[in-house]
Amino acid sequence: MTDSKYFTTTKKGEIFELKAELNSDKKEKKKEAVKKVIASMTVGKDVSALFPDVVNCMQTDNLELKKLVYLYLMNYAKSQPDMAIMAVNTFVKDCEDPNPLIRALAVRTMGCIRVDKITEYLCEPLRKCLKDEDPYVRKTAAVCVAKLHDINAQLVEDQGFLDTLKDLISDSNPMVVANAVAALSEIAESHPNSNLLDLNPQSINKLLTALNECTEWGQIFILDCLANYTPRDDRESQSICERVTPRLSHANSAVVLSAVKVLMKFMEMLPKDLDYYGTLLKKLAPPLVTLLSAEPELQYVALRNINLIVQKRPEILKHEMKVFFVKYNDPIYVKLEKLDIMIRLASQANIAQVLAELKEYATEVDVDFVRKAVRAIGRCAIKVEQSAERCVSTLLDLIQTKVNYVVQEAIVVIKDIFRKYPNKYESVIATLCENLDSLDEPEARAAMIWIVGEYAERIDNADELLESFLEGFHDESTQVQLQLLTAIVKLFLKKPTETQELVQQVLSLATQDSDNPDLRDRGYIYWRLLSTDPVAAKEVVLAEKPLISEETDLIEPTLLEELICHIGTLASVYHKPPSAFVEGSRGVQHKRIPIRSGSGESSESQDTGGAPGATEAPAAIIPSQGDLLGDLLNLDLTPPTSTAGAPPGPPMPMGGMDLLGGGLDSLMGDESEPYSPQMPRGADTPQSLRFSHSSPSSPDYSPTELAPGPALQLGGDIGGSPSMGSGFGAPAAVMPSSLNAPVGGGLGDLFDLGGGVGMPMGTFVPPKTLWLPAMKGKGLEIMGTFARRAGVIQMEMTLTNKAMSVMTDFAIQFNRNSFGLAPAGPLQVPTPLSPNQTIDVSLPLNNGGPVMKMEPLNNLQVAVKNNIDVFYFSCQYPISMLFVEDGKMDRQVFLATWKDIPNENEAQFQINDCHLNSDAASNKLQGSNVFTIAKRTVEGQDMLYQSMKLTNGICVLTELRVQTGSPTYTVSLKCRAAEVSQCVFQCYEAALKN
Amino acid sequence: MIHSLFLVNSSGDIFLEKHWKSVVSRSVCDYFFEAQERATEPENVPPVIPTPHHYLISVLRHRIYFVAVIQSEVPPLFVIEFLHRVVDTFQDYFGVCTEAAIKDNVVVVYELLEEMLDNGFPLATESNILKELIKPPTILRTMVNTITGSTNVGEQLPTGQLSVVPWRRTGVKYTNNEAYFDVVEEIDVIIDKSGSTITAEIQGVIDACVKLTGMPDLTLSFMNPRLLDDVSFHPCVRFKRWEAERILSFIPPDGNFRLLSYHVSSQNLVAIPVYVKHNITFREGSSQGRFDLTLGPKQTMGKGVEAVLVSSQLPRGVLNANLSASQGTYTFDPVTKMLTWDVGKINPQKLPSLKGSMSLQAGASKPDENPSINIQFKIQQMAISGLKVNRLDMYGEKYKPFKGIKYMTKAGKFQDNKLNQKEDHRDIHCEGTMQEQSWPLSPWTGCVFRRSFVKMCRMEGEVFLSGFTVTTR
């Protein structure tokens, strides 16, 4: 006799029958009925109609029946809130029961009834249970606080439950401690800027003690919590490490990985010459290897994390290559991950083994796996120079198999090998050309075309080959078309006599018959180049290309640093910072400030969230500097302190912290000078071009950004080969400087051709101000300003070396800021900066960085590093920089939005001494992406209605009143995020007075 | 933390759902089904699947997908470990973990899940504690319940949850006090075409079944503890003592548990006990292929290799195989292309072989893949790593328990991966089982083999530890 009987139905109405049974006098019948109800519930049938009848069964001495009714209540209370109140009394009574099991059960169930009305009745019983003499009840109550917080956060705060919960961290029972930590962690996730888990050495000690005695799950919570702590010095760090190390031998892999996280993070603080440091490194390897003999799902997560660990500290697993060899029956997701790690661990010592394995994998059945294996061989060649020859011969062997996808993949990677070792393996080209016809994937075709173009002088029939591709030009993908264009131009420059016709043909195909702007632009550039100055064209198109680096596939150090702090989490599985998990994850929203919003709808919710954010902003500044410092660690600086991802909140007891904070504060104090008018225009284009030319490793610009795009592609490389990442798309590195002018000029012409596609005129650019005086910068002086050019925010700086020695190795980082501004690429300072030299650099910015509200809103804290030191300064950017080009609102929308925004959000400002008429003002503002929607003249007053949109989607609406003949303007601003008003006003003033 | 759990059977139906927080619509599983469709094999469904609002973390056990739904940043390993615990608990309670068993015991399942997780936080996952809270269904209890109206739910507070040894309940009483330890070793080897070992590793566990009265404090020492440098312990083991003295000292949980698991790297490995000679060829342009396979024992210290089972996934182009086996029987499944050869025991005098021809699809080109060969076997009375238990002592209780140790080695993914093209023959992928028994330290009679081991490998020997006498009451 089993429970399956509960699933049988009768012909009569099932609900009706159950109802009758529930109201039966016989206890036994009642219980059977409740069981039937529960069984129906588990399979998703709706039995909510029985609510009153089931709740009536609640007052019973039978524990099982009670539990069953509780189960039912939890499921349906939400849909029957009025009925659920009936249950309150029983709960309150059960919370006083002499049996702690019942007390705990009651408090547990109470928390699961997600009905607002009930929550207030539950506070008193919960308070009692939190102080219960029985630890089992206390620990259950701790979790209940988290549940209640989820339903009604305000109530929990008002009732002081959070403080009680904090006290429980010092409880004598380890399980209570663990649950309190778990509950606090969960509450802290949804609670920005709270210092709920404010750890100090005493509480750390308590946690470490509890760590040894609580359950495995408790250990995970405690370890994750420990990972957020920043030890005061290396001593403390070592002692924590010592006490955490035994967890590496735990049977639960989640405990092991959390322990690894704590150790990886705290190891940073230990001096490298310490004996203990070496011991710790050795201890980390075995548990990681052990994780790989677990179930495939565990292996997968472990491998994703090992991938990070191997990048951060390759020494840990360098002798363990063999455990990553793929097993025949591994699931595909495990195989692919193992392959990745094998390449990362490949070195001269083990390359023979690795290659033998990879070659074997390349003959397996699974296509994805085979492709990746072939790619891996190419990556080995690029990574381990000594092995290149063997890799090439292995690849040739694979090409001989004639298996279509293997051949194509092999050709793609051989192209990369050519890039890395030019003029070494060209003898294989003949073999490659034999397979020309079998290539049907764009990437392989593009690779082959690139090879033909690049080595056109050595391939006798290069023109025929390329011509054959040209026949189906319009059917090719963009990638192939671009490549074909470049290859033919290369061919033409190498063999001008025979191929004139071909180049004419491809240029006309690209410029006249194509509607792809990238292709057209590139075509025009080549055309113009070839027709004006073939010598220059030769130098541009056939310029020596920068070698691709072997580590292009590595995770960027800042991100890696952050991910190391998140070992064992989803972030580590996806190799994305937690802030990238916006949706569905409350856990990260606290890192975003209220101002960040995508649409009008969400900006409304911002307003409610805005208030606490605003009040707490000053307090948040201090830890954020900790983060800044942490980020800078990635630049290989010495101070071993916390890394990115430290929780906002705890006052950082870090060494050197105060000093730094002080410095920044004084710096910010200095920053009082607002921007004033006039910035010479016209220098823009050459300047930004020169910059992009001289950047050997600047990242791929998206091809739609007109200005830098084509210039970057001029080198004629395969743009954005995924396997090789940024290095490949980079421009000619050694561009003769004399070339800059003609190229720049040619481009300028081209932009005129494009007609209007170029940059909008008249963007207001404040003049450069002194950001870092030489006194504070140890001889480095930085003047700078911000500009928006062609939709890209540029940070333009003049660096002057006023010291006696040469400066090199420049790098820049931003602290989190209100709009998530972040450098879109590394800081490119072309030459070593010799004494007394001045250089202009322009750094493109994007909005993808972490967000934190600053005070004032447009404040940006910057750290610049060079070979001498790291310097911090802060500057303010004009908010107009963030006005996007499509900020023009529809009239109707404007009206509706204006009405919609509450009046308290309206701000009014006066601008004095402005002698423009309203049209001139409108034009001027238009240049800064402030769009005039309507104009009205009332009693000699011109009213301009204008809108603008910030990069994060916030819309600002204004009404500008211009009294004819009066120099005073009145601006009324309305915006859902009222805090931007002041900044916008400043922009108006600056732009109009400019 | 963990929001919800869905159980999905192999045909893609959700047959049970449980929500620990607010209810998540089962439509969230559509993302899982999509991933399931994309995967070629059931086991290739990725364990972590992102959806717009949730993350789905799944494990596949006993052909049931356990899909957990989480909403915030939760360590995925935490979820996976928990799901494994759920599976283990079901198996512990119902003997098997199948859809039928779960449906038959749906109320117990629901009660269990409710006890295991509270608001997504693990509550009671130790089987000891759970069994106190909810008694496992037995035929007898079901009958008694039906007659008396009593229930499966325990009336007491699970005392273990509060004590310093949460894994052990108090007041345990047995008439027969017994402690059994099973040393089980799995060996994973990949051998290349020339017969040399590419990788080899041993994964070992010591599973215990302890039924002792009161609060016994046990110590277990090894002859060669140096072997164990990469170990994971049950929480009950005192780590400090192990670090200092290399002795396992612990108060055991009641009943079955895994005392430790360990990993022995290839350096410490003895030779692979089986060799394979193979010759699998396809000729270009011909629709026939040749298949030739011979097995032989190697360095087994006089122990016989038994229960040998060879399986090989032949290339897709193979239509049929016409082979003859010198011993045992073979089968070829033309749909899955799986060749299975049940060899039985290897006689060193007359080596077993399997020879014959394979017919290929007419006109098909020569297959590219290399069939790999899996070999499963067991060897009695031999432990591959050489780990040996020295003695077991008990403190804290007065009675004398009955103790036994079994050793066994079984194959993990002993793998022999082999290429079918002339010179390129490479890996033999063999899956083997080796068992060993360490010699008894003193003669011992009357032991009963209580547990059978996983799949094909059973351990037949047991070791009696010195210093104790057998007590039967």
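The structure presented is a predicted model; accordingly, all values stated were derived computationally and were not measured.
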>> How close do A:Gly568 and B:Pro76 get, counting heavy atoms only, and between which atoms?
In response: O-CD, 2.9 Å
> Partners of A:Ser253 by side chain to side chain contact (heavy atoms under 4.5 Å, CB included), sequence neighbours excluded?
Replying inline: A:Leu291, A:Leu298, B:Leu77, B:Glu81
> Of the backbone (N, CA, C, O) and the side chain (C-beta and beyond), which part of A:Glu297 lies under 4.5 Å from a heavy atom of chain B, both, or neither?
Replying inline: both
> Roughly how far, to the nearest 0.5 Å, is CD of A:Glu295 from CG of B:Leu83?
Replying inline: 11.0 Å
>> For A:Val301 and B:Ile80: C-alpha separation, side-chain torsions, deciding distance, then whether side-chain contact (heavy atoms from CB on, under 4.5 Å) applies.
In response: CA-CA 9 Å; A:Val301 177; B:Ile80 295 174; 3.8 Å; yes
> CZ of B:Phe239 to OG1 of A:Thr245: how many Å apart, nearest 0.5 Å?
Replying inline: 8.0 Å
> Which residue out of A:Glu320, A:His250, A:Lys283 racks up the most heavy-atom pairs below 4.5 Å with chain B?
Replying inline: A:His250
>> So for A:Ala183, is it side chain, backbone, both, or neither that comes closer than 4.5 Å to the heavy atoms of chain B?
In response: backbone
> Contact part of A:Phe221 toward chain B, heavy-atom cut-off under 4.5 Å: side chain, backbone, both or neither?
Replying inline: side chain
> Checking heavy atoms, do the side chain of B:Tyr262, its backbone, both or neither come under 4.5 Å from chain A?
Replying inline: neither
> Are the side chain of B:Glu73 and the backbone N or O of A:Thr569 linked by a donor-acceptor pair below 3.5 Å?
Replying inline: no
> Does the side-chain contact (heavy atoms from CB on, under 4.5 Å) test come out yes or no for A:Leu570 and B:Tyr55, once each step is laid out?
Replying inline: CA-CA 9 Å; A:Leu570 283 171; B:Tyr55 292 89; 3.7 Å; yes
> Most heavy-atom pairs under 4.5 angstrom with chain B, which of A:Pro246, A:Pro174, A:Cys144?
Replying inline: A:Pro246
>> Report which part of B:Phe233 has an atom under 4.5 Å of a heavy atom belonging to chain A: side chain, backbone, both, or neither.
In response: both
> Quick one: what part of B:Ile70 sits under 4.5 Å from any heavy atom of chain A, side chain, backbone, both or neither?
Replying inline: side chain
> Given the rule in the side-chain contact (heavy atoms from CB on, under 4.5 Å) test, do B:Val48 and A:Tyr574 qualify, once you have shown the distances and angles that lead to the verdict?
Replying inline: CA-CA 9 Å; B:Val48 185; A:Tyr574 286 108; 3.5 Å; yes
> What are the two closest heavy atoms between B:Val45 and A:Tyr333, and how far apart are they?
Replying inline: O-CE2, 3.2 Å
> How would you list, by chain and number, every residue that makes a salt bridge (charged side-chain N to carboxylate O under 4.0 Å, His left out) with A:Glu337, sequence neighbours excluded?
Replying inline: A:Arg304
>> Heavy-atom cut-off 4.5 Å, strictly under: side chain, backbone, both or neither for A:Asn305 against chain B?
In response: neither
> If you count heavy-atom pairs under 4.5 Å with chain A, which of B:Asp118, B:Val59, B:Val231 comes out on top?
Replying inline: B:Asp118
> Side chain of B:Asn44, backbone of A:Pro331: donor and acceptor closer than 3.5 Å?
Replying inline: no
> Under a 4.0 Å N-O cut-off, is there an ion pair linking B:Arg85 with A:Glu216?
Replying inline: yes
> Which bit of A:Leu68 comes within less than 4.5 Å of chain B, counting heavy atoms only: side chain, backbone, both or neither?
Replying inline: side chain
>> Tell me if the NZ atom of A:Lys29 is crowded by more than 12 foreign heavy atoms within 6.0 Å.
In response: no
> Between B:Lys21 and A:Glu186, is there a side-chain N and carboxylate O pair less than 4.0 Å apart?
Replying inline: yes
> Any chance the rings of B:Phe78 and A:Trp217 have centres within less than 6.0 Å?
Replying inline: yes
> Could you walk me through whether A:Val256 and B:Ser232 pass the side-chain contact (heavy atoms from CB on, under 4.5 Å) check?
Replying inline: CA-CA 9 Å; A:Val256 175; B:Ser232 311; 5.7 Å; no
> Among B:His84, B:Met1, B:Glu41, which has the most heavy-atom pairs under 4.5 Å with chain A?
Replying inline: B:His84
> Side chain, backbone, both or neither: which part of A:Val143 has a non-hydrogen atom closer than 4.5 Å to chain B?
Replying inline: both
> Which distance, rounded to the nearest 0.5 Å, do you find between the NZ of A:Lys35 and the OH of B:Tyr110?
Replying inline: 15.0 Å
> B:Glu43, B:Glu114, B:His19: which one forms the most heavy-atom pairs within less than 4.5 Å of chain A?
Replying inline: B:Glu114
> Among B:Arg258, B:Arg61, B:Glu243, B:Lys240, which residue forms the greatest number of heavy-atom pairs with chain A at distances under 4.5 Å?
Replying inline: B:Arg61
